[in-house]
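What follows is a single structure, written as structure tokens, with notes after it.
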Amino acid sequence: MDKGEKDKYELENRNENSINYQAPVMSSDWQFGGANLTSAGMSLVPSGNPLALGSSCASASVADSFGSNLWEHPSNSQNLGFCGINVQNGASSSNAMGIGKSTLTSLRSGVDRPFDMGWNAASSMLKGGFFLPNTTGILPQSLSQFPADSSFIERAARFSSFNGGNFGDMVSPFGMPESMGLYTGGMGLMRGPEDMFAANGMKSVSGVESQKSKLNVTEATRDACLQVENRAKKSPGNDRRSGSLFRANEEAKQGAGGSGNESDEAEFSGHDGGQDEPPSLDGAGGEPSAKGLSSKKRKRSLQDAEIDQAKGGQPPTEAAKDGAENQHKGEQKQTTSVNKTTGKQVSPASHPPKEEYIHVRARRGQATNSHSLAERVRREKISERMKFLQDIVPGCSKVTGKAVMLDEIINYVQSLQRQVEFLSMKLATVNPRLDFNIEGLLAKDIIQSRAGPSSTLGFSPDLSVGYPALHPSQPGLFQAALPVTGSNTDVIRRSLSSQFTSMTGGLKESNQLSNPWEDELHNVVQMNYGTSAPSDDLNVNGPQPSGNT
Amino acid sequence: MCPHTSLKQQFLKKWIMGLQRCSFSKKNMSILERKKTIKLSADIAMASARNGTTRWSRALISNASKDGSDNRLVQQILGPDSNTPAVATTTNKARTRRASVCKKIVKRSHQIRRRRRKCVAAAPVKAVTSSISKHLVRKRTQVLKTLIPGGEFMDEICLIEETLDYITSLRVQVDVMRSVASACFSQS
């Protein structure tokens with residue numbers, strides 16, 4: 001618990017991702033994990049029982065994080081919502097860990113992250129959208145608050161077919177601390193939603209309310225803000241959205257009364273309890289949260305998350321079990337569409353959360369057989385890589401379909417290979433020796449690396465050192481050598497010179513080479529100063545080499 | 001290509017080194033021999049530029065080492081680095097041989113199954129078109145596997161990745177060779 005509290009405060013301080021990530025490590029606070037996720041895109045509960053948390057308090061905490069994130073970061077709001085949901089749903093430790101790590105690396109990635117996190121969580125928790133029913137009615141209002149709704153929808157659509165493996169990258173840098181603050185503020189204002197949760201017996205909410213009197217009205221629209229409030233306590237960063245929220249959070253944290261602390265503690269304890277009993281909670285809370293995570297139901301899950309979070313604010317003792325119960329109740333209350341949608345994607349598609357597993361969620365209306373899921377993952381991987389190929393292979397941008405793309409790729413590879421053959425034949429005709437045009441090559445290299453007419457004559461002193469023994473007749477050739485600017489050319493030259501020096505028996509060659517080198521050197525110099533069109537040369541010389549064959 | 005400058009330079013350096021090494025071993029070579037040596041040295045240089053990170057490079061080097069006549073050249077070009085690829089090549093060879101045998105068996109069984117299926121009643125149109133497209137894709141992946149060195153033993157995902165890398169390497173190779181050729185021919 002201490003750790004969790006510490007993490008909470010860290011979050012609130014809007015520390016770097018690293019801090020947030022540490023928070024998830026604390027199993028005690030799954031909510032933290034959720035909050036962290038939302039705010040700093042922190043990973044979900046690292047080792048704890050995210051499932052357990054999700055089932056009970058997790059949902060609440062996630063909702064909190066969700067709400068806080070949403071409020072705090074308009075851009076991330078979408079992500080946060082999902083993240084929160086995901087946190088709740090995907091309370092899988094593996095997911096949390098994965099997400100946490102990814103968030104560490106990509107805190108700023110933003111939008112994509114939350115979805116990934118949510119999805120991971122959701123996939124593991126695909127049990128029920130208990131969040132959805134509760135939040136559907138409430139969240140729309142809160143969702144409208146999000147500045148980036150359209151983008152949110154886009155992302156949601158994009159992530160509908162998310163790959164489990166991508167979650168790591170998609171950790172969203174949720175402004176957890178900030179969002180949390182927002183939510184905490186909102187929690188207080190949400191009296192109406194409280195009624196909804198009244199049945200759930202959310203005591204923490206009431207406690208929170210007292211502190212949130214100054215919260216904005218907008219926040220009041222969030223039912224889940226109750227949860228958010230708890231989250232806000234955990235997530236420090238209230239930067240953007242509202243200082244008031246932060247204050248509210250702080251109040252909650254400090255326990256402006258016992259209620260504030262209680263809610264926090266409830267959250268913590270709830271999470272702890274959840275963690276302690278992952279299996280029990282998992283079955284209950286996890287599944288509902290998991291259901292809510294279906295790609296198509298992000299918004300609903302958001303709402304659910306908020307509701308869950310609100311529920312999560314229960315007193316510690318009840319938090320663990322009550323939370324799960326409340327969640328279930330919440331689900332039952334607002335079932336209808338949410339349940340239907342979530343039901344389709346229930347557990348068959350969810351795999352037991354395991355560490356280092358790629359969690360994939362079955363799309364709506366698709367088979368949830370493990371084989372088909374793996375097949376889908378494989379197909380997505382292939383199509384992903386085909387997209388890269390589309391960029392590389394010219395003329396493939398408009399082509400769709402594997403067969404045609406493959407055809408283009410084959411043609412391109414064949415043409416490149418033929419070009420290599422042709423060029424090697426062309427080069428073979430240039431000089432009788434294979435070590436042709438070393439100076440020219442060096443000059444070319446120089447040109448490639450740096451532009452500089454002066455560098456054309458850049459034969460390093462190394463060469464001259466090696467050569468004088470071989471070409472005593474042409475000391476002048478290397479006197480004109482200028483220092484080469486390109487380091488790689490120096491390396492090449494040194495390597496070449498070393499080779500030359502090692503060739504004791506190459507005197508004959510050296511004599512033979514000296515003349516062509518001289519000629520080539522001059523040519524190279526001329527060429528460097530002039531602009532030559534290689535294509536033209538190729539075209540001109542094309543027929544010749546082929547004629548030789 | 002600006003982003004490939006370092007790769008180009010690396011390739012060029014290794015290529016020149018290889019050429020230097022082989023040129024002094026044989027005095028007079030026919031044009032075909034020269035071309036072959038040039039191409040081989042270029043390929044080896046390209047493959048070694050990858051430092052054994054990609055499968056096609058390893059397969060290319062191992063294939064070149066298999067040949068007795070080219071082995072010497074490969075050793076010369078790779079120099080002291082040849083030790084590490086050799087170890088991998090032996091394992092690769094064994095693995096690929098086994099894999100090739102297995103693949104042949106699987107292929108034969110697939111063909112037999114396909115023939116049997118064709119004899120059976122015609123499938124609905126939708127299945128036919130999809131099967132046709134699948135057939136096309138399968139054929140083309142087979143062709144691609146023959147193009148990429150060491151591609152016969154890769155699965156589809158790996159094949160596409162290797163193709164990507166191989167294409168970029170080929171591009172670099174072509175660019176460098178073209179510039180060298182233009183430098184040579186600018187004299188004449």
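Chain letters run A, B, ... following the sequence lines, proteins first and then strands; every chain starts at 1.
Between A:Leu389 and B:Ile167 there is a side-chain heavy-atom pair separated by less than 4.5 Å.
Pairs engaging residues 413-423 of chain A under the salt bridge (charged side-chain N to carboxylate O under 4.0 Å, His left out) rule: A:Glu421-B:Lys35, A:Glu421-B:Lys39 [sequence neighbours left out].
A distance of 7.5 Å separates OG1 of B:Thr146 from CD1 of A:Ile410, quoted to the nearest 0.5 Å. Note that CE of A:Met405 and CD1 of B:Ile160 are 8.0 Å apart. Values are rounded to the nearest 0.5 Å. Between B:Arg138 atom CZ and A:Leu406 atom CG the span is 12.5 Å, to the nearest 0.5 Å. The SG atom of B:Cys158 sits 9.5 Å away from atom NZ of A:Lys381, with the distance rounded to the nearest 0.5 Å.
Between the side chain of A:Gln417 and the main chain of B:Leu147, a donor-acceptor pair closer than 3.5 Å is present.
Most heavy-atom pairs under 4.5 Å with chain A, from the set B:Leu136, B:Leu170, B:Val137, B:Leu164: that is B:Leu164.
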Q: Begin with the C-alpha distance, continue with both residues' side-chain angles, and end with the deciding distance and a verdict on salt bridge (Lys or Arg N to Asp or Glu O under 4.0 Å) for B:Glu156 and A:Lys402.
A: CA-CA 12 Å; B:Glu156 276 205 27; A:Lys402 262 171 129 180; 3.4 Å; yes
Q: Applying side-chain contact (heavy atoms from CB on, under 4.5 Å), run through A:Phe422 and B:Met177 and close with a yes or a no.
A: CA-CA 10 Å; A:Phe422 167 75; B:Met177 291 177 89; over 6 Å; no
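Of all heavy-atom pairs between B:Arg140 and A:Ala403, the closest is NH1-O, 2.7 Å.
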